[in-house]
Amino acid sequence: MGVALRDILSDYKNPAGWDKLSGKGAFDGNNALYQFLTTIRQPDGTPLMDREGRVTSHLSGMFFRVSNFLEKGMKPVFIFDGRPPDFKSDTIKERREAKEKAEIAYKRAVSVGDTQEAYKQARSATKVDAEIIESSKRLLSLMGIPVVDAPSEGEAQAAFMVINGDVSFTVSQDYDSLLFGAPKLVRNLTVSRKRKVRGRTITVNPEFILLPEVLFGLGITVENLIEMGILIGTDFNEGIRGVGAKTALKIVKNDNFDSFIKEKAPEFDPYPVKEFFLNPPCHRDYNLKWDKTDSDKLFEMLCEEYDFSHARVESVLDKLNEGAGQKTLDQWF
DNA sequence: CCTCCATC
DNA sequence: GATGGAGGC
């Protein structure tokens with residue numbers, strides 16, 4: 001997933017308290033859904049499901065998390081992927097095949113009663129399908145949250161909206177929006193701040209990554225950063241074997257990107273990928289309007305349609321309505 | 001992922 | 001208040 005710049009960007013993390021997160025945030029919707037669907041599971045890998053067997057993990061995660069953000073004064077907008085560029089097809093095919101393999105391994109693990117393995121494979125087999133995206137969009141709309149359908153990559157559209165000044169930052173676990181030029185990225189944006197890693201529970205804190213700070217610190221341009229991504233590997237190309245973040249930085253700083261690619265991967269033309277990052281398809285006519293939550297319809301959807309507990313949904317909505325009542329309409333819209 | 005509750 | 005564990009649908 002995304003571009004593996006973690007090693008070199010870890011020096012440019014700024015702690016992000018809630019006081020600094022009260023602006024408008026452009027969320028990578030697909031990224032969020034993937035996160036919910038991989039993590040909200042029972043120990044044997046079974047996701048949350050309604051009585052008809054429809055998966056509801058994403059609705060649970062989205063509902064409780066977005067409610068929290070609204071309560072803390074943040075205004076989220078969710079961006080969803082459109083049609084991927086042609087040169088992503090190899091990556092998409094690889095991922096689909098890996099998921100099919102994981103699905104088989106999952107069924108096998110269940111049949112032999114290997115709970116841990118089942119959990120692992122179920123996570124790897126996670127797919128975001130049309131039904132999941134549609135139900136998420138419906139939930140967000142009922143919560144009064146704007147949804148933007150990107151023409152192509154959601155991360156690109158999100159970055160564009162920050163550059164345009166319509167939102168304050170992008171929110172994603174992936175670093176791609178930086179390569180699309182987003183000046184401000186927020187990672188680890190959760191409420192619970194707890195995460196299970198190999199059985200242990202660790203605390204994670206929301207963090208900002210500021211593109212100007214990264215570029216200045218590394219002494220490169222955004223085009224260099226894109227070249228680094230291409231050398232390491234992105235969603236759109238495989239990357240050069242043996243090249244990590246450190247090596248990539250050296251190569252681009254020495255202005256050796258073109259010659260290095262020519263030498264190591266003569267078949268590969270990096271130009272379309274580079275151009276895509278620099279100039280991705282984006283909508284300019286998006287509408288950002290935050291609305292009141294429709295409590296009645298939310299009850300209907302979550303409790304009647306998807307078997308959520310009435311009490312839990314109610315307590316969240318009560319808190320939301322309370323908060324909205326305290327604000328004047330001007331503050332809220 | 002989130003909430004809730006027990007525990008310190 | 002912080003932490004850890006069970007359960008959500």
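In what follows, every heavy atom counts, from backbone to side chain, and hydrogens, waters and symmetry copies are set aside. Given the structure is predicted, the values throughout are model-derived calculations rather than measurements. Chain naming here is simple, since letters A, B, ... match the order of the sequence lines and numbering starts at 1 in each.
For the pair A:Lys184 and A:Phe208, the cation-pi criterion (under 6.0 Å, within 45° of the ring axis) is fulfilled.
For A:His310 and B:dT3, the NE2 to P distance is 19 Å, given to the nearest whole Å. With rounding to whole Å, A:His58 atom NE2 is found 16 Å from B:dC2 atom P. Summarising the geometry, the separation between CG on A:Leu59 and P on B:dC2 is reported as 15 Å, rounded to the nearest angstrom. One interatomic measurement links the two molecules: CE of A:Met62 to P of B:dT3, which rounds to 15 Å at whole-angstrom precision. We find that CG of A:Leu33 is positioned 14 Å from P of B:dC2, with the value rounded to whole Å. Whole-Å rounding puts the A:Leu139 CG to B:dC2 P distance at 14 Å. Remark: P of B:dC1 and CZ of A:Phe78 are 15 Å apart, rounded to the nearest angstrom.
Connectivity analysis of hydrophobic side chains (ILVMFWY, heavy atoms under 4.5 Å, direct or indirect) links A:Tyr106 to A:Val110.
Note on residues 298-320 of chain A: pairs passing side-chain hydrogen bond (donor to acceptor under 3.5 Å, both in side chains), not counting sequence neighbours, are A:Arg51-A:Asp307, A:Arg138-A:Glu305. Under the side-chain hydrogen bond (donor to acceptor under 3.5 Å, both in side chains) criterion, no residue pair touches residues 238-254 of chain A, with sequence neighbours excluded. Sorted by first and then second residue, the salt bridge (Lys or Arg N to Asp or Glu O under 4.0 Å) pairs with a member in residues 264-288 of chain A read A:Glu223-A:Lys274, A:Glu227-A:Lys274; sequence neighbours excluded. Sorted by first and then second residue, the ring-ring contact (aromatic ring centres under 6.0 Å, His included) pairs with a member in residues 241-269 of chain A form an empty list; sequence neighbours excluded. Within the structure, ring-ring contact (aromatic ring centres under 6.0 Å, His included) contacts touching residues 212-253 of chain A (residues at least two apart or in different chains) are A:Phe87-A:Phe236, A:Phe236-A:Phe276, A:Phe236-A:Phe277.
Among the protein residues, A:Thr190 comes within range of the sugar-phosphate backbone only, with heavy atoms under 4.0 Å from sugar or phosphate atoms but none that close to a base. Residue contacts shown for A:Thr38 are absent, as no nucleic acid heavy atom lies under 4.0 Å away.
Taking side-chain N and O atoms only, A:Asn68 has no distance below 4.0 Å to OP1 or OP2 of B:dC1. For B:dC1, the OP1/OP2 oxygens have no side-chain nitrogen or oxygen of A:Arg65 closer than 4.0 Å.
Ring centroid separation for the pair A:Phe27 and A:Phe169 does not come in under the 6.0 Å cut-off.
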Listing time: all N or O pairs from protein to nucleotides 5-8 of chain B that are below 3.5 Å?
none

Could you run down the sub-3.5 Å N/O contacts of the protein with nucleotides 7-9 of chain C?
unit_1, atom_1, unit_2, atom_2, d
C:dG8, O3', A:Arg312, NH1, 3.3
C:dC9, OP1, A:Ser309, N, 3.0
C:dC9, O3', A:Thr56, OG1, 3.2
C:dC9, O3', A:Tyr306, O, 2.4
C:dC9, O2, A:Met49, N, 2.5
C:dC9, O2, A:Met49, O, 2.6

Residues 149-160 of chain A side chain polar contacts: donor-acceptor under 3.5 Å, at least two apart:
unit_1, atom_1, unit_2, atom_2, d
A:Asp149, OD1, A:Lys137, NZ, 2.6
A:Ser152, OG, A:Arg83, O, 3.0
A:Glu153, OE1, A:Lys88, NZ, 3.4
A:Glu153, OE2, A:Lys88, NZ, 3.0
A:Glu155, OE1, A:Ser177, N, 3.4
A:Glu155, OE2, A:Ser172, OG, 2.9
A:Gln157, OE1, A:His283, N, 2.7
A:Gln157, NE2, A:His283, O, 3.0

